[in-house]
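Keep in mind the model is a prediction, meaning the values are calculated, not measured.
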Amino acid sequence: MLGYLSIGVFIDGGYYAKVNRALKAQEHSIVRVRSLFDFISSTIARDEEVLMSDCQITEAHYFRGRFRVKEAYDKHLLYNERKFEDTLIENDVIFHYKHLREVERDGQTEVVEKGIDVWFALEAYELATFRKFDYVVLITGDADHEMLVRKLKALKIKTVLLTWNLTDVDATSPLLREEAGQHWELSHIVGEDPALKRKLLYRLREPAVNMLGDDF
């Protein structure tokens with residue numbers, strides 16, 4: 001295939017946070033966003049037999065629920081959130097947030113996140129329609145995005161599901177995996193390529209772990 005290839009990346013922030021939590025527990029590391037983006041571009045360039053310079057991520061979007069500022073301050077999350085936002089900004093990622101709510105149910109406090117999955121799907125579909133991406137990469141494992149993948153395929157956009165399953169709890173939905181045109185499971189890929197694993201991960205120092213918290 002000849003010509004410039006445009007890639008749109010859409011990140012499910014809740015899923016991404018689970019991946020980083022598992023990596024911190026198992027590897028004392030977190031995902032290096034720049035390296036992840038380079039991996040996406042280089043893999044597609046190789047598959048399409050084009051130069052990496054002709055295969056670029058033209059837009060990247062991140063979706064997540066977060067607490068209002070006072071709640072985040074009370075929970076000691078502000079540094080964590082700003083630190084991660086700095087990483088997104090440095091890599092030209094556009095972030096989309098909705099406020100979380102806490103509700104009491106059966107004597108327990110539950111965090112309620114409403115509308116993020118729908119927003120993710122609508123934004124990904126709308127942007128894919130108008131921007132005419134050659135590829136859309138979805139970083140998620142949620143079965144709710146099965147219909148999004150189907151709609152993107154109907155637009156004749158090559159769709160990649162990128163996951164990194166590190167625990168049974170975070171396993172990718174079989175329905176989503178079956179619907180995706182391509183599925184890159186990073187736990188398998190880096191298992192066969194230790195050098196890639198080192199490139200994708202940022203090793204945390206001891207003080208940084210405590211400051212970043214569990215939601216980074």
Note to self: Measuring only between side-chain heavy atoms, which start at C-beta, is Leu186 closer than 4.5 Å to Leu36?
What the structure shows: yes
Notebook entry, point to check: Between His145 and Phe120, does the ring centre distance come in under 6.0 Å?
Noted result: yes
Notebook entry, point to check: How about Gln182 and Asp47: do any of their side-chain heavy atoms sit closer than 4.5 Å?
Noted result: yes
Margin query: Do Glu179 and Val149 make a side-chain contact, defined as non-hydrogen atoms from C-beta onward lying under 4.5 Å apart?
Written below: yes
Next item on the list: Compare all side-chain heavy atoms of Ile30 with those of Asn20 and state whether any distance is below 4.5 angstrom.
Entry: yes
Check: Between Leu23 and Leu166, what is the shortest heavy-atom contact and its length?
Finding: CG-CD1, 3.6 Å
Check: Do Leu138 and Leu148 come close enough that some side-chain heavy atom pair is under 4.5 Å?
Finding: yes
Next item on the list: Please report the C-alpha distance between Glu71 and Arg66 in whole Å, then the side-chain angles of each, then the deciding distance to 0.1 Å, and finally whether the salt bridge (Lys or Arg N to Asp or Glu O under 4.0 Å) criterion is met.
Entry: CA-CA 9 Å; Glu71 294 169 320; Arg66 74 173 184 182; over 6 Å; no
Notebook entry, point to check: Is the count of non-hydrogen atoms from other residues, nucleotides or ligands lying under 6.0 Å from Lys153 atom NZ greater than 12?
Noted result: yes
Next item on the list: Check the surroundings of atom CZ in Arg68: do more than 12 heavy atoms from other residues, nucleotides or ligands lie under 6.0 Å from it?
Entry: no
Next item on the list: Give me the ring orientation class for Tyr62 and Tyr16: parallel if the planes are under 30° apart, tilted from 30 to 60°, perpendicular past 60°.
Entry: perpendicular
Checklist line | Under 3.5 Å side-chain donor-acceptor pair for Gln56 and Tyr4 | finding: no
Margin query: Could you walk me through whether Thr43 and Arg46 satisfy the side-chain contact (heavy atoms from CB on, under 4.5 Å) test, starting with their C-alpha distance in whole Å, then the side-chain angles of each, then the deciding distance to 0.1 Å, before giving a yes or no?
Written below: CA-CA 5 Å; Thr43 302; Arg46 183 196 65 211; 3.6 Å; yes
Margin query: Show, in sequence, the C-alpha distance, side-chain angles and deciding distance for Lys70 and Asp74, and conclude whether the salt bridge (Lys or Arg N to Asp or Glu O under 4.0 Å) test is met.
Written below: CA-CA 6 Å; Lys70 185 179 185 311; Asp74 292 342; 3.0 Å; yes
Note to self: Could you report the tightest heavy-atom contact between Arg32 and Leu201, atom names first, then the distance?
What the structure shows: NH2-O, 3.6 Å
Margin query: If hydrophobic clusters are built by linking Ile, Leu, Val, Met, Phe, Trp and Tyr wherever their side-chain heavy atoms come under 4.5 Å apart, do Leu155 and Leu176 end up in the same one?
Written below: yes
Check: Which is it for Ser187 and Glu185 under the side chain to side chain donor-acceptor pair (under 3.5 Å) test, yes or no, and what are the steps along the way?
Finding: CA-CA 6 Å; Ser187 64; Glu185 172 47 54; 2.6 Å; yes
Check: Crowded around Phe95 CZ? As in, over 12 foreign heavy atoms under 6.0 Å?
Finding: yes
Check: Between CG of Leu77 and CZ of Phe67, what distance do you get to the nearest 0.5 Å?
Finding: 7.0 Å
Next item on the list: Determine, step by step, whether Leu204 and Ser29 satisfy the side-chain contact (heavy atoms from CB on, under 4.5 Å) criterion, reporting the C-alpha distance in whole Å, the side-chain angles of both residues, the deciding distance to 0.1 Å, and the verdict.
Entry: CA-CA 5 Å; Leu204 294 171; Ser29 304; 5.7 Å; no
Next item on the list: For the residue pair Val160 and Ile7, establish whether any side-chain heavy-atom pair is separated by less than 4.5 Å.
Entry: no
Check: What is the distance from atom CH2 of Trp184 to atom CG of Leu162, rounded to the nearest 0.5 Å?
Finding: 6.5 Å
Checklist line | Carboxylate-amine/guanidinium proximity below 4.0 Å for Asp38 and Arg34 | finding: yes
Note to self: Could you see if Tyr97 belongs to whatever hydrophobic cluster contains Val118? Use Ile, Leu, Val, Met, Phe, Trp, Tyr and a side-chain cutoff under 4.5 Å.
What the structure shows: no
Notebook entry, point to check: Atom CG in Asp142, atom CG in Leu161: separation rounded to 0.5 Å?
Noted result: 11.0 Å
Next item on the list: Considering non-hydrogen atoms only, spot the tightest contact between Leu152 and Ala124 and give its length.
Entry: CD2-O, 4.3 Å
Checklist line | Distance, nearest 0.5 Å, that separates OG of Ser35 from CG of Asn91 | finding: 9.0 Å
Next item on the list: Would you name the heavy atoms of Arg64 and Gly14 that are closest together and state the gap between them?
Entry: CD-N, 3.4 Å
Next item on the list: Of all the heavy-atom pairs spanning Ala143 and Ser173, show the shortest one and how long it is.
Entry: CB-OG, 3.1 Å
Margin query: So which atom in Val19 and which in Trp164 form the shortest heavy-atom distance, rounded to 0.1 Å?
Written below: CG2-O, 3.6 Å
Notebook entry, point to check: Taking it one step at a time, do Glu27 and Arg203 satisfy salt bridge (Lys or Arg N to Asp or Glu O under 4.0 Å)?
Noted result: CA-CA 8 Å; Glu27 306 282 350; Arg203 183 78 177 173; 5.5 Å; no
Check: Do Ile89 and Phe37 belong to the same hydrophobic cluster, where Ile, Leu, Val, Met, Phe, Trp and Tyr are linked whenever their side-chain heavy atoms lie under 4.5 Å apart, directly or via other members?
Finding: yes
Notebook entry, point to check: For the atom pair OG (Ser6) and OH (Tyr135), what is the distance rounded to the nearest 0.5 Å?
Noted result: 12.0 Å
Next item on the list: Begin with the C-alpha distance, continue with both residues' side-chain angles, and end with the deciding distance and a verdict on side-chain contact (heavy atoms from CB on, under 4.5 Å) for His183 and Thr163.
Entry: CA-CA 8 Å; His183 178 210; Thr163 59; 2.7 Å; yes
Check: Can you check salt bridge (Lys or Arg N to Asp or Glu O under 4.0 Å) on Lys158 and Glu48, steps first, answer last?
Finding: CA-CA 11 Å; Lys158 294 181 180 180; Glu48 294 287 348; 2.6 Å; yes
Note to self: Run the side-chain contact (heavy atoms from CB on, under 4.5 Å) test on Leu200 and Phe39 for me, step by step, so that the C-alpha distance in whole Å, both residues' side-chain angles and the decisive distance to 0.1 Å come before the verdict.
What the structure shows: CA-CA 8 Å; Leu200 287 175; Phe39 167 76; 4.1 Å; yes
Margin query: Quick check: do Val93 and His61 have side-chain heavy atoms less than 4.5 Å from each other?
Written below: no
Margin query: Using 0.5 Å steps for rounding, measure from the CZ atom of Arg82 to the CG atom of Asp86.
Written below: 6.0 Å
Next item on the list: Return yes if some donor-acceptor pair links the side-chain N/O of His99 with the main-chain N/O of Gly65 below 3.5 Å, else return no.
Entry: no
Margin query: I want to check something: taking the side chain as every heavy atom from C-beta on, are Phe10 and Val137 in contact at a cut-off of under 4.5 Å?
Written below: no
